[in-house]
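A short write-up of the structure that comes next.
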Amino acid sequence: ETTLRWGHYLSDSPYVQTEKDFAAAVEERTEGRVKIEVTYAGGLGAGNELLTLAGRGAIDMAAVVPGYYSDQLLFWRVFQTPFVFDTPREAMEKAGAVDEQFESFQEELSKFGVKYLFHQPLGAYYLTGPDENCTTVEALEGKKIRSFGADIPKAHEAIGAVPVSVGVGDVYEALQRGSLDYSFLNRGNVLAYRLFEPAKFSCGPVMSIAGHLIVINERTFNGISEEDQAVILEEAGKAAEAYIDNIEKIEDDAETQIVAEGGVVKEFPQSELDAWKAAAPDMLQAWVDDMANRGLGDEASAVAAFLGDEAASN
Amino acid sequence: MFDAGTAGIIVGVLLVFLLTTGVHIGVALGLTGFLGILLSINPQAALAQLATVPFSTTNSFSLAVIPLFILMGALASQAGLTTDLYKAAYRWIGRVSGGLAMATTIASAAFGAACGSTIVNAAVFTKMAMPEMTRFGYDKRISAGCIAASGTLASLIPPSILMIVYAVITEQSVARLLVAGLVPGLMSAGIYMLGIYLFAKRWPELCPVPDETFTFREKVDSLKGIWGIGVLFIIVIGGIYLGFFVPTYAGAVGAFGAFLIVAFKRKLNRATLLETFKDAGITTSTIFLIIIGGIIFARFLTYTGLVRDISDYMVALELAPIWYMLGFVVLYIILGMLIEPIGIMVMTLPLMFPIMTSVGYDPIWLGVIAIKLAEISMITPPVGLNVYVVRSSSPVPLSLEQVFAGVTPFLLMDLVTLGLLIAFPQIVLFLPDLMG
Amino acid sequence: MALIERFVERLALAVLLIGGLGMLMSMFMGVTDIVGTQVLNTPVPGPRELTESTMVLIVFGALTYAQLRRAHIRVEIVYLRSGPRSRAAMDVLADICALIFFSLLLWQAINEARYSIQIGEATVGLIRFPLWPARVTLCAGTALMIVRLLLDLIIDIGRIRSGAPLKVLEDDPVMGQANSK
Ligand code: NA
Ligand code: NA
């Protein structure tokens with residue numbers, strides 16, 4: 001009998017229901033031989049500690065945000081590159097595929113002593129602000145937009161917007177007080193933080209990237225019977241599938257509710273999105289170049305070719 | 001390996017022993033937390049937590065506002081703002097019954113608008129007000145008690161380190177919380193003043209009225225000295241609300257404002273900076289040692305599952321919300337006797353916050369209640385940091401018992417304030433709602 | 001020993017002052033970033049990252065200086081009621097516990113720092129700010145603290161025998177509660 005301690009940086013919410021379902025399914029199908037206990041909200045470790053903790057066996061499973069480990073998860077961080085994926089579904093399907101097609105992804109995690117289980121999809125990003133003119137690239141020039149990470153500020157700067165780093169908890173006030181013109185979050189968060197109150201208009205989708213990965217300590221995993229290992233992997237695959245459907249539903253429901261409460265959701269036209277992408281630097285190529293400097297150019301090119309077969313046409 | 005219960009008992013007993021024998025609080029929490037993980041999980045887990053927590057706690061942007069709030073208070077004090085405040089308050093109400101103690105409360109509350117730390121507030125006013133009150137024949141106990149209690153006002157009146165810690169742990173809006181603290185902070189001060197007045201009427205021999213009088217002109221003159229604090233408060237809180245900067249930058253702006261005031265008063269020199277750096281560095285370091293130790297200990301509690309069990313148990317009871325509130329208050333008061341506020345918040349909020357919000361309490365209001373309780377813990381025996389600070393920085397010889405005796409009436413007044421805040425949440429919420 | 005003590009004291013003050021300058025710098029950077037973002041519409045790159053690293057410097061830089069003043073917060077209720085020898089014994093226990101805690105911490109921190117240097121760990125953002133200096137600072141500050149704790153341990157053991165009162169670097173206005181009068 002094994003109990004797996006799973007450290008999660010997010011708090012318990014409908015967003016992690018799929019992950020909860022995964023834990024419950026594993027426990028049920030192994031008839032209680034493998035139990036999974038999730039600790040939310042950084043109780044067992046903050047976002048920037050979890051991978052280290054899982055690798056060293058301090059916890060057994062972790063939800064890992066690649067952004068916190070950008071010098072370690074060199075391959076995985078490609079899933080957080082803007083303008084590579086058109087939809088959350090595309091990002092997720094490719095995440096599942098690369099792990100099978102390219103050894104580098106699992107090798108990278110093996111260095112930490114953890115094994116890949118599945119990926120979390122993120123709802124598409126929307127611009128949310130009090131001004132309704134958020135459907136053209138031109139209108140965004142000079143606007144202060146919430147930004148984070150390494151690449152998204154570049155996407156904002158490319159159209160003359162001003163990237164501002166604001167924590168999620170501060171976005172409401174920042175929009176209300178005008179220190180921010182547009183938030184840059186998914187519809188679920190627009191609803192959760194009630195951003196439609198200070199900022200009526202949400203325009204999008206403008207960007208899709210993948211979220212955190214769920215990993216398990218390799219030694220713990222190898223200590224589980226083969227039969228139960230198979231169950232865990234199978235359920236992980238199912239969770240990945242279910243996650244996409246759930247996210248789409250949650251995001252659509254969020255939109256319905258935002259609108260019901262007086263918010264307005266506008267579509268960001270494809271032509272404008274294309275103009276934005278054209279103005280932005282090729283960040284997938286920049287990733288390949290960076291990987292080449294680290295001696296991983298060939299593998300990275302192959303990954304980029306795989307990921308970019310649709311994105312490249314833009 | 002020990003089971004969670006056994007490990008919990010061993011660690012609990014050891015923690016109480018180390019705390020009572022005077023081991024540094026941060027070290028005691030960190031070491032027992034480490035040992036607890038080692039006993040109940042495994043050595044790798046204990047070491048891995050020790051490897052990640054110190055860096056992730058200090059290398060943090062959201063907590064970076066803490067040293068800057070401390071720097072702001074240290075600079076404001078170097079600029080002489082506190083002396084000016086006390087002088088003005090004394091000239092205006094010194095001759096009312098208990099007026100000297102009231103002046104201390106007013107000046108402390110006002111300095112609270114530039115200072116995020118309760119300890120700094122108490123230390124500053126002990127040096128200034130203690131000799132004055134003694135000179136006019138005030139009872140030493142009541143003087144010390146008044147200073148220790150008034151110092152706690154710095155935590156409710158924005159800016160406030162405790163509020164930052166609460167907002168970071170619970171992911172609430174810093175700006176909303178800061179504004180929510182203002183009215184309860186002023187109300188606490190008002191209730192102190194009312195209490196002091198009644199006390200002085202009942203026992204005039206303990207609080208004699210000084211015979212010093214001031215002309216109206218002298219009173220008005222004294223107001224010139226207090227513009228600095230007003231300016232600081234307006235730029236920090238106003239700046240957040242006018243959208244000039246996000247709350248995370250409030251510390252930088254406040255410290256910069258205080259820096260300019262020091263420069264304006266021509267007090268910017270090497271000696272001032274040296275003292276400021278020493279004060280701010282020591283305060284920051286000692287606070288963070290406790291945060292680091294507290295987080296390691298909290299991780300141990302999480303590992304044991306104790307946290308989850310208690311939380312599940314409490315939610316399953318399905319009691320009326322007020323019982324949860326009562327539990328929250330009792331828990332904080334008991335823990336507050338032994339542990340300092342940041343440690344309590346780090347340990348309890350991950351467990352209590354979801355329960356309290358799930359039974360319908362407003363997270364911002366709960367934050368103000370938690371901070372009021374934390375303030376109370378600063379003056380309850382046996383571990384009341386403000387009491388220690390007053391005793392040790394007092395130029396007039398004092399025993400700990402004398403200070404604890406002196407804070408007793410203020411503790412009662414705090415319970416009144418707490419009761420009002422719980423009974424009427426609007427006191428807390430109307431200002432942030434109005435401004436939102 | 002007096003020589004080592006003086007050396008540690010100087011070094012602790014020096015590190016604290018560097019931390020103080022770092023505090024001023026992150027203050028100026030923060031204000032510059034606000035003005036840049038709100039007035040000039042051009043955010044200054046790096047204030048966040050710099051502030052984070054500075055924090056490590058302030059906290060672990062002032063650690064030893066705080067110990068020199070015996071300013072780390074402790075529960076004093078029993079301590080203040082005890083005679084000089086018992087106090088010395090309690091100080092010895094406090095020194096030993098702190099020594100164990102900080103030695104374990106240093107051991108782990110060195111591993112982390114070494115790994116950080118090896119992979120060239122840096123922050124994510126418009127500019128990549130290296131993280132190893134902060135990690136090394138954490139190690140250095142902890143190491144200095146350990147040296148000071150060893151000195152304190154020797155002094156405090158001596159006090160158990162001699163019954164001499166605790167001497168602190170200088171009277172601390174803010175948190176010198178251990179320095180009983
Ligand atoms: Na304050
Ligand atoms: Na207390």
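Since the structure is predicted, the reported quantities are computational estimates derived from the model, not experimental observations. Here is the naming used below: chain letters follow the sequence lines, and residue numbers restart at 1 for every chain.
The closest side-chain heavy-atom distance from B:Leu289 to C:Phe101 is below 4.5 Å. The side-chain heavy atoms of C:Tyr79 and B:Thr21, taken from C-beta on, include no pair separated by under 4.5 Å. In this structure the side chain of B:Leu68 reaches within 4.5 angstrom of the side chain of C:Ser26, judged on heavy atoms. Between C:Met55 and B:Asn59 there is no side-chain heavy-atom pair separated by less than 4.5 Å.
Taking all atoms of both residues into account, the shortest heavy-atom contact from B:Gly281 to C:Leu16 is CA-CD1, 4.4 Å. Of all non-hydrogen atoms in B:Pro67 and C:Ile58, the two that sit nearest each other are CB-CD1, 4.2 Å. The two residues C:Gly30 and B:Ala252 make their nearest non-hydrogen contact at CA-CB, 4.2 Å.
Under the rule for a salt bridge (Lys or Arg N to Asp or Glu O under 4.0 Å), B:Arg270 has no partner lying at least two apart in sequence or in another chain. Shown here are the side-chain contact (heavy atoms from CB on, under 4.5 Å) partners of B:Val53, two or more places apart in sequence or in another chain: A:Glu49, B:Gln49, B:Thr57, B:Ile292, B:Ile295, B:Ile296, B:Arg299. Under the rule for a side-chain contact (heavy atoms from CB on, under 4.5 Å), the partners of C:Ile100 that lie at least two apart in sequence or sit in another chain are B:Leu31, C:Ile96, C:Leu104.
Only the backbone of B:Ser60 comes within less than 4.5 Å of a heavy atom in chain C; its side chain stays farther off. Using a 4.5 Å cut-off between heavy atoms, B:Ile25 contacts chain C through both its backbone and its side chain. Only the side chain of C:Arg81 comes within less than 4.5 Å of a heavy atom of chain B; its backbone N, CA, C and O stay farther away. Residue contact with chain C, scored on non-hydrogen atoms closer than 4.5 Å, involves the side chain of B:Phe34 exclusively. Residue B:Leu18 touches chain C through its side chain alone, counting heavy-atom pairs closer than 4.5 Å. At a 4.5 Å heavy-atom cutoff, the contact between C:Asp33 and chain B is made by side-chain atoms alone. Both the backbone and the side chain of B:Leu19 come within contact range of chain C, with heavy atoms under 4.5 Å apart.
Listed by sequence position, C:Trp107, C:Gln108, C:Glu112 are the residues of residues 106-115 of chain C in contact with chain B, using a 4.5 angstrom heavy-atom cutoff.
With B:Thr58 contributing its side chain and C:Val56 its backbone, the two residues share no donor-acceptor pair below 3.5 Å. Remark: side-chain polar atoms of C:Arg74 are paired, donor with acceptor, to backbone N or O of B:Gly22 under 3.5 angstrom.
Centroid-to-centroid, the aromatic rings of C:Phe60 and B:Phe288 stay 6.0 Å apart or farther.
Here the CG atom belonging to C:Leu80 is positioned 4.5 Å from the CZ atom belonging to B:Arg391, to the nearest 0.5 angstrom. Of the inter-residue distances, the one linking C:Leu63 atom CG with B:Thr284 atom OG1 reads 12.0 Å to the nearest 0.5 angstrom. Here OG1 of B:Thr276 is found 9.5 Å from CE of C:Met23. Values are rounded to the nearest 0.5 Å. Here C:Leu105 contributes atom CG and B:Leu47 contributes atom CG; the two are 10.5 Å apart, rounded to the nearest 0.5 Å.
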Would you please test B:Phe277 and C:Leu21 for side chain to side chain contact (heavy atoms under 4.5 Å, CB included) and show each step?
-> CA-CA 8 Å; B:Phe277 288 166; C:Leu21 289 176; 4.1 Å; yes
Verify side chain to side chain contact (heavy atoms under 4.5 Å, CB included) between B:Val27 and C:Phe102, making sure each step is shown before the conclusion.
-> CA-CA 8 Å; B:Val27 170; C:Phe102 285 110; 4.0 Å; yes
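Between C:His72 and B:His24, the angle of the ring planes lies from 30° to 60°, which puts this pair in the tilted group.
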